[in-house]
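Before any comments, here is the structure.
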Amino acid sequence: MSIERLRALPATVDVVTAGQAFGFGRAKAYRLAREGHFPCKITKVGRNYRVLTIDLHRALGVDAS
């Protein structure tokens with residue numbers, strides 16, 4: 001995922017999108033989320049996992065501006 005695309009993400013993203021930013025596929029992203037080993041903070045909302053884009057940026061070392 002390009003820096004430009006990372007900067008254009010909405011305030012929160014699903015775990016698949018966050019996983020793509022780290023270079024993970026869907027299955028690995030969900031497995032890491034379930035096991036508590038995803039490389040940034042994840043929030044579970046009902047049955048869905050969400051990632052704050054600011055946390056994603058921090059974990060990847062991306063300046064949001």
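Sequence positions, counted from 1, serve as the residue numbers for this chain.
- Partners of R58 according to the salt bridge (Lys or Arg N to Asp or Glu O under 4.0 Å) rule, which considers only residues two or more places apart in sequence or in another chain, are D55.
- The shortest heavy-atom contact between L56 and C40 is CA-SG, 4.2 Å.
- Applying the salt bridge (Lys or Arg N to Asp or Glu O under 4.0 Å) rule to pairs touching residues 40-54 yields nothing, sequence neighbours excluded.
- Nearest heavy atom pair, residue F24 against residue A29, reads CB-N, 4.3 Å.
- L6 and H57 make their closest contact through O-NE2, 2.9 Å (heavy atoms, listed as atom of the first residue, atom of the second, distance).
- Heavy-atom minimum distance, F38 versus G19: CZ-N, 3.7 Å.
- The minimum heavy-atom distance between A33 and I42, with the atom names listed, is CB-CD1, 3.6 Å.
- Pairs of residues two or more places apart, or lying in two chains, that qualify as side chain to side chain donor-acceptor pair (under 3.5 Å) and include a residue from residues 15-38 are D14-T17.
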